[in-house]
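Worksheet for the structure shown next.
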Amino acid sequence: MLPWIPISDNRLCRVSSVLNRDTASYGKKHLFDGNIETCWNSEQGVPQHILVEFEAPVCVHEVRIQFQGGFAGKDTRLIDSTHNVDICPLHPEDSNRIQTFALPANEQPLARKRIKIQFVSSTDFYGRIIVYALDFLGLPAEQDPHSNSSAMPLSAENDDGTIGGGVASDIIVII
């Protein structure tokens, strides 16, 4: 078995909200900065989410997340956002420690480009979520010997060669 590596380096991230729109203090950049003093803090209300788009398809084996106790996700889902299908539920504890969630074995070899962590509910009465650290472990799809990148196409192509349903969508360019 090859060792899994952090695959969160080459990615873009979006979040559902930021406390008081103060991105300098509580923004999404703090999810991946490795600093235990910083965090992403959502506004109140549910659901909340973190959407991660990888530069290239990846095979995710584990998700690691560290919440602020009292502000953890309760009913949490991992979603393949490209195809809008559930990957698996996550059952975080209301704890400050780093929590590791292994994906089901049948989900690990699937190449994915966009993953959403959706917090349907929170341990906080007001629905706030605070995350100090987030990481995805796995391998780039082309390096994973078990990858089944043909199992799910990374884009939906129409008969005329166009992608999608003709509706404008967000386009992300990584330079």
Side-chain angles (χ1 to χ4, degrees), residues 4-103 107 112-140 154 167-175:
W4 300 334
I5 59 172
I7 52 177
S8 302
D9 291 341
N10 296 318
R11 49 86 196 116
L12 291 175
C13 180
R14 293 184 184 167
V15 293
S16 51
S17 67
V18 176
L19 182 65
N20 299 325
R21 297 185 184 184
D22 185 355
T23 58
S25 299
Y26 304 114
K28 62 189 177 186
K29 66 184 177 188
H30 300 303
L31 290 167
F32 303 100
D33 66 4
N35 183 345
I36 61 170
E37 301 292 322
T38 62
C39 64
W40 166 64
N41 191 339
S42 77
E43 280 285 359
Q44 65 183 14
V46 289
Q48 298 289 338
H49 71 261
I50 300 168
L51 175 65
V52 178
E53 180 162 349
F54 299 97
E55 184 175 78
V58 296
C59 295
V60 177
H61 293 259
E62 287 183 357
V63 178
R64 292 184 181 170
I65 190 165
Q66 182 180 17
F67 293 99
Q68 168 69 47
F71 298 89
K74 205 161 43 172
D75 179 15
T76 303
R77 301 176 357 188
L78 196 62
I79 300 168
D80 178 329
S81 187
T82 302
H83 302 98
N84 200 27
V85 289
D86 282 3
I87 298 170
C88 64
L90 303 179
H91 303 286
E93 296 175 6
D94 187 8
S95 166
N96 295 340
R97 68 178 180 77
I98 294 175
Q99 300 177 56
T100 301
F101 303 96
L103 272 65
E107 296 288 347
R112 293 182 160 79
K113 190 104 159 80
R114 297 176 73 188
I115 293 181
K116 180 190 280 188
I117 302 173
Q118 185 171 39
F119 307 103
V120 179
S121 60
S122 169
T123 58
D124 175 54
F125 177 77
Y126 297 102
R128 295 168 293 189
I129 303 286
I130 300 177
V131 177
Y132 280 87
L134 175 64
D135 207 357
F136 296 87
L137 275 69
L139 291 170
L154 292 173
V167 177
S169 63
D170 294 330
I171 298 174
I172 298 173
V173 178
I174 300 175
I175 299 174

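Remark: the backbone N or O of V131 is not paired with any side-chain donor or acceptor of H30 at under 3.5 angstrom. The main-chain N or O of I50 is never found under 3.5 Å from a side-chain atom of K116 such that the two would form a donor-acceptor pair. When atom types are taken as modelled, the side chain of Q99 and the backbone of E93 share a donor-acceptor pair closer than 3.5 angstrom. Side chain of S17 to backbone of S42: no donor-acceptor contact under 3.5 angstrom is found. A donor-acceptor contact shorter than 3.5 Å links the side chain of T38 to the backbone of N35. Remark: the backbone N or O of R114 is not paired with any side-chain donor or acceptor of S81 at under 3.5 angstrom. S16 places no side-chain N or O within donor-acceptor distance of the main-chain N or O of Q48, the cut-off being under 3.5 Å.
Contact of the L134 side chain with the V63 side chain is registered, since non-hydrogen atoms from C-beta on lie closer than 4.5 Å. Considering only heavy atoms from C-beta on, D94 stays 4.5 Å or farther from F67 through its side chain. Here the side chains of F136 and I117 are in contact, with some heavy-atom distance below 4.5 Å.
Here the SG-CG distance, from C39 to D33, works out to 9.5 Å after rounding to the nearest 0.5 Å. To the nearest 0.5 Å, atom CZ of residue F119 and atom CG of residue L90 are 8.5 Å apart. One distance of note links CD1 of I115 with CG of L103; it measures 7.0 Å at 0.5 Å rounding. Taken to the nearest 0.5 Å, the CD1 atom of I87 stands 6.0 Å off from the CD atom of E107. Between atom CG of residue D75 and atom OG of residue S122 there is a gap of 11.0 Å, rounded to the nearest 0.5 Å. Atom-to-atom distance recorded for R97:CZ and Q66:CD is 10.0 Å, nearest 0.5 angstrom.
When the side chain to side chain donor-acceptor pair (under 3.5 Å) test is applied to S95, no partner is found at least two apart in sequence or on another chain. Not counting sequence neighbours, the partners of R128 by the side chain to side chain donor-acceptor pair (under 3.5 Å) test are D124. Looking at residues two or more places apart in sequence or on another chain, you find a side-chain contact (heavy atoms from CB on, under 4.5 Å) between Q68 and F71, N96, I130, Y132.
The two residues E43 and N20 make their nearest non-hydrogen contact at OE2-N, 2.6 Å.
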